[in-house]
Each structure stands twice: as structure tokens, then as C-alpha cells.
Amino acid sequence: MGVLSNYEPVNVFQYFEKICSIPHGSTNVGQISNYLVEFAKERGLKYRQDEKKNVIIWKDGSEGYEQSEPVILQGHMDMVAVKVDGCDKNMETDGLDLEVLDGDLISAKGTSLGGDNGIAVAIMLAVLDDDSIAHPPLEAVFTVDEEIGMLGADYIDVSDLKGRLFMNMDSEDEGVFTVSCAGGATATCILPYDTETMTADVLKVRLDGFIGGHSGVEINKGRLNANVTLGRILYGAEYEDFRLISVNGGEKDNAIATYSEAVIAVPKDQIEQTKETMQAVMAEVQAEYSAVDPDIKISFEEQGEQEVTCMTALATASVITCLVNLPNGIQRMNPEMEGMVQTSLNLGILSTSDADVRFSYAVRSSSETEKEFLIDKLHSLTEFLGGSVEISGAYPGWEYKSDSRLRDVMVETYKSLYGKEPVVEGIHAGLECGMFSAKMEGLDAVSFGPQMANVHTTNEVLSISSTKRTWDLVLKVFEKLK
């Protein structure tokens, strides 16, 4: 008897427990992928496994649904595999130790659970295994390495998929239907600089105490970016009187910077005035943002008089001009979905080398044309100042579809089952739906799933009752897609 044997839906939890017994952290997906292949072989189902271990399994429509429009079911087979300090489990070779908390929450002892996205795989297998379910022709797509950059979705060949109704089960809030996501890229503005040598007092200026957050889903919280704030402080401090030695701040391009610092060369008789001016500017910022970023602060470290190599006056002005004028934050809200960010960017990393200063931005938009124009803005000012822009890690967005058969059916089905409206929203971050919508013209997609909490951590839990309701929703949607 398994830990989950007595819970409904039985087949779903049978497969979820089996999945949890197979190691399947990102990049370690060979065993789980081969298990899916054997599953298809044992049932005589058509399948395809590619070089990266993505798997597609096909199943014909049930009686009366043979000619219905095919439905694509999609989830990813990899999980974020983490464990608590002191746990001796080898997550490369060992399965998980499941337990049920408070009668409803599935957890794994000492490790992450992998409900994201193992429960999607389990639901898909339960559907494929049950010949009593009424359903249209099904194309079940199991991708790999979603958690480390959607690598499987980026690689997979979809030319033999006929469906355009796309049910992605990689959401973690029951009753929330996601219908668009941002595409994005990392844009790094590179500004070379000339140097000069001078004797001056060296002053380190540090800003910290910023709340920060995810540059996609929390960009609408109005929080300050420490790197951008540094630009305001430097500009307000009469920068003609000092020279930059370096500017550095932030840790990840997709995180709102929580700290930033500059090292500057200041004429000896002006260091106190420079500090006072910077403190005055910072006081203005603190007053403006006290409600959303109450703990920001500025500090100084005087390093004494030195002969230093620093940026020239022109280079200093160019760097500060970039910090002040390059765009940052929300650029446009979605005109069709109230409260939804459509286009934004975030100066996540600011760094100085011996040759240049680099401004690394996470650029996001659910409109590909708006994303490209935003990148053009970065090119425009950076190149005007003698620099260049490098683009990496581009991934496509998923635009809101005003006419969606799948969304309409799912909303009406949810209302009829549970007597309330689901939340229909977009997410200002990347999803595999964006990868597939870029490959498959006319894709009609909805992302949904059962309730989970603390995903990607050792406190991750999956609701049993919510999984049952999600299962019922899937089956009823199938019935209505005849």
C-alpha cells in the first residue's frame, strides 16, 4: 500500500506516487522519460521521445469524440530537487519519502515535493490510462528541464501535433486561469570608458535596505531599484566635481536590485559637501518611497587620499547619463486585462570592469513588437554614447487571445462545477505556453492546476482535495469539447 493509496482520484495519486519514486530533478530526467515511454508501449499508444528526452504520447478520441478537435495536454517532468541540511538522501538516485499533513497536504520528508510539475504528469497519465473517460483525441506533451530555462519546450519538434487547444497544467493556484505571459530577453548595455590618473580623496557610496523582488511578478509593486536610485544620487551630487572609479550593484538581472554602490574620486576640499548633497537627495527619495521601501539607506566609507585611476569626466557623465535615462520599470499596462503589466524592464546588475561598465536588464513583454522596441531604446542611447548592446536568453511571449474557445469552455465549466467565477489573468513572467505559442500558429492555451504552496522548497505541499477538483474540471472540460 502506498502513502496515497486511499485518496481520490486513485489513479492520479497512484501515478504521482510512482513519479515521486523516480529521481527527476532538472537535467536528471532520463529515468522518468523512459518510464513514460514504457507506459505508452504497454498500452499500445503512439509515442515519440526526442534526443533531449521530451516525450509525446497520442491517444485517439473516445467513442463519439473521434472527429473532435484534438486537445494538447502539457506539463514538464523535471522538478527543483532540494533538501534540508542534514538530509542524507541522494536526489540523483533516490525517490522521495511522501507524507500527508493535516489530512489534505502532500509533502516530502526532508526534500522538495516536485508537485510542480509532477501532478500534471500524473493527471496526464491517469487520463491516458483510463478508457472509460470521454475525451477528444489527445496529444500529451511531457517536456524536460523547464525549471532551468524551459529547455525542453525550446527544443521540442511540434510539427506532428495537430491540436491547437492547449491545456498546460503548470499553475499553482486553483481557480486561476493564466491566459498570457511575457516573453523576454537579457539585454546588456556595454559602455566602454577612458581613464585618467589623479590624486583625490576616495569615497565609497553604498545604497542598501531595498526590498527588491522578482522583476516580473513584483515589478508592479512600485519598489525602488537600487541601481537606478544610485544614478539619481550621483546625478544630484554635482557630478562635474568628481570622477567615477566604479559602479556595482544587484545580483541577478531578473531581481530588482536591493543594493548598489559607487566608488568615486573627489577633490579633497569637496568631500563633505559631496556627502551632504548625496544625503539630501537620498532624503528626498526616502520621503517619496517611505510607504513601499521604508528601510532604504545611504552610507559612506572614506578611503583617504590616493593616486587613483578613474574614469574621465566624459566617461563619468556618460555612465551617469545611462543610469538616469535608460528606461526601467513598467513601460505599458495591458489594455485588455486590468492590472496586468504588458511591458517592463529591470536593471538587475550593474558592474564595472577594467574596460567598461555593464548594465544588465531583464526585458519582458507579452507583445513581441513592444519588447523589440524597448530593446531598440536601449540600443539608441547606449550606441549614441559610444557603447553597444548584447542580447541573450531570448524567449517568446504569449499574447492574450481575445477569442478563445478553450478559455470560454473552462470558465463556464468551472462556474457550473463550483458556483463561482475563476480568476482569468496573465503573468508577467515566462511560461512554456509562450514557447509553444511561438511554434504553433493559432494556439489557444490556458494554464491551470491544483493548489500548491512553497514550491521549489523543502516546505512544498500539494492539496489532495484541490487535485480532486482539478481532475473533475479536466474531465468535464473534455466532455464539452466534443
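Position 1 is the first residue of the sequence, and the numbers go up from there.
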Could you check whether [X] pairs with [Y] (Lys NZ or Arg NE/NH1/NH2 to Asp/Glu carboxylate O, under 4.0 Å)?
X: D131; Y: K59; value: yes
X: R223; Y: E218; value: yes
X: K480; Y: E412; value: no

Going from [atom1] on [X] to [atom2] on [Y], what distance comes out if it is rounded to the nearest 0.5 angstrom?
X: E425; Y: Y400; atom1: CD; atom2: OH; value: 12.5 Å
X: R164; Y: E441; atom1: CZ; atom2: CD; value: 8.5 Å
X: K401; Y: E399; atom1: NZ; atom2: CD; value: 11.0 Å
X: C322; Y: R358; atom1: SG; atom2: CZ; value: 13.5 Å
X: H428; Y: I330; atom1: NE2; atom2: CD1; value: 7.5 Å
X: M410; Y: S404; atom1: CE; atom2: OG; value: 9.5 Å

Show the nearest heavy-atom pair for residues [X] and [Y], with the distance to one decimal.
X: D78; Y: S26; result: OD2-OG, 2.6 Å
X: K53; Y: M77; result: O-CE, 3.4 Å
X: K439; Y: A153; result: CE-O, 2.9 Å
X: I133; Y: H135; result: O-CD2, 3.1 Å
X: M124; Y: G75; result: SD-N, 3.8 Å
X: S215; Y: A362; result: OG-CB, 3.9 Å

D145 vs Y155, test: side-chain hydrogen bond (donor to acceptor under 3.5 Å, both in side chains). Steps then yes/no. CA-CA 10 Å; D145 296 342; Y155 179 83; over 6 Å; no
Using modelled atom types only, decide if a donor and an acceptor are shared between the side chain of [X] and the backbone of [Y] within a distance under 3.5 Å.
X: D253; Y: S360; value: no
X: S437; Y: C433; value: yes
X: D444; Y: R405; value: yes
X: Q14; Y: V12; value: no
X: D154; Y: M435; value: no
X: D293; Y: I211; value: yes
X: E17; Y: L4; value: yes
X: Y65; Y: E479; value: yes
X: N117; Y: M169; value: yes
X: Q74; Y: N168; value: no

Pair L481, E69 - check side chain to side chain contact (heavy atoms under 4.5 Å, CB included), show working. CA-CA 8 Å; L481 290 175; E69 184 178 359; over 6 Å; no
[X]: which of [options] passes side chain to side chain contact (heavy atoms under 4.5 Å, CB included):
X: Y47; options: I56, V37, L36; result: V37
X: L350; options: N248, V228, V357; result: V357
X: H76; options: V144, D116, N54; result: D116

Any side-chain heavy-atom pair from [X] and [Y] closer than 4.5 angstrom?
X: L191; Y: F359; value: yes
X: T343; Y: F373; value: no
X: F16; Y: L462; value: yes
X: F448; Y: Y414; value: no
X: S366; Y: Q342; value: yes
X: I427; Y: V217; value: yes
X: F142; Y: V29; value: no
X: F478; Y: L138; value: yes

Going by the angle between their ring planes, with limits at 30° and 60°, are Y35 and F39 parallel, tilted or perpendicular? tilted
Mutual orientation of the aromatic rings belonging to F166 and F436 [parallel < 30°, tilted 30-60°, perpendicular > 60°]: tilted
Between the side chains of [X] and [Y], is a donor N or O closer than 3.5 angstrom to an acceptor N or O?
X: D170; Y: S447; value: no
X: E174; Y: T470; value: no
X: E432; Y: T143; value: yes
X: D157; Y: S159; value: yes

Would one find more than 12 heavy atoms of other residues, nucleotides or ligands at under 6.0 Å from atom [atom1] of [X]?
X: D376; atom1: CG; answer: yes
X: Y235; atom1: OH; answer: no
X: K52; atom1: NZ; answer: no
X: D403; atom1: CG; answer: no
X: D408; atom1: CG; answer: yes

side-chain hydrogen bond (donor to acceptor under 3.5 Å, both in side chains), that's the test. Do H379 and E383 meet it? Break it down for me. CA-CA 6 Å; H379 275 281; E383 290 170 0; 2.7 Å; yes
What do the steps show when you test L234 against V247 for side chain to side chain contact (heavy atoms under 4.5 Å, CB included), and what is the final call? CA-CA 10 Å; L234 294 172; V247 285; 4.2 Å; yes
Would M79 and L113 count as a side chain to side chain contact (heavy atoms under 4.5 Å, CB included) if you check the C-alpha gap in whole Å, the side-chain angles of each, and the deciding distance to 0.1 Å? CA-CA 8 Å; M79 65 175 283; L113 174 66; over 6 Å; no
Could you walk me through whether D104 and S463 satisfy the side-chain hydrogen bond (donor to acceptor under 3.5 Å, both in side chains) test, starting with their C-alpha distance in whole Å, then the side-chain angles of each, then the deciding distance to 0.1 Å, before giving a yes or no? CA-CA 6 Å; D104 187 60; S463 167; 2.9 Å; yes
Any chance you could lay out the side chain to side chain contact (heavy atoms under 4.5 Å, CB included) test for I256 and F210, step after step, and finish with the verdict? CA-CA 9 Å; I256 300 168; F210 294 70; over 6 Å; no
Kindly determine whether E370 and Q331 satisfy side-chain hydrogen bond (donor to acceptor under 3.5 Å, both in side chains), including the steps that lead there. CA-CA 9 Å; E370 287 187 21; Q331 303 297 297; over 6 Å; no
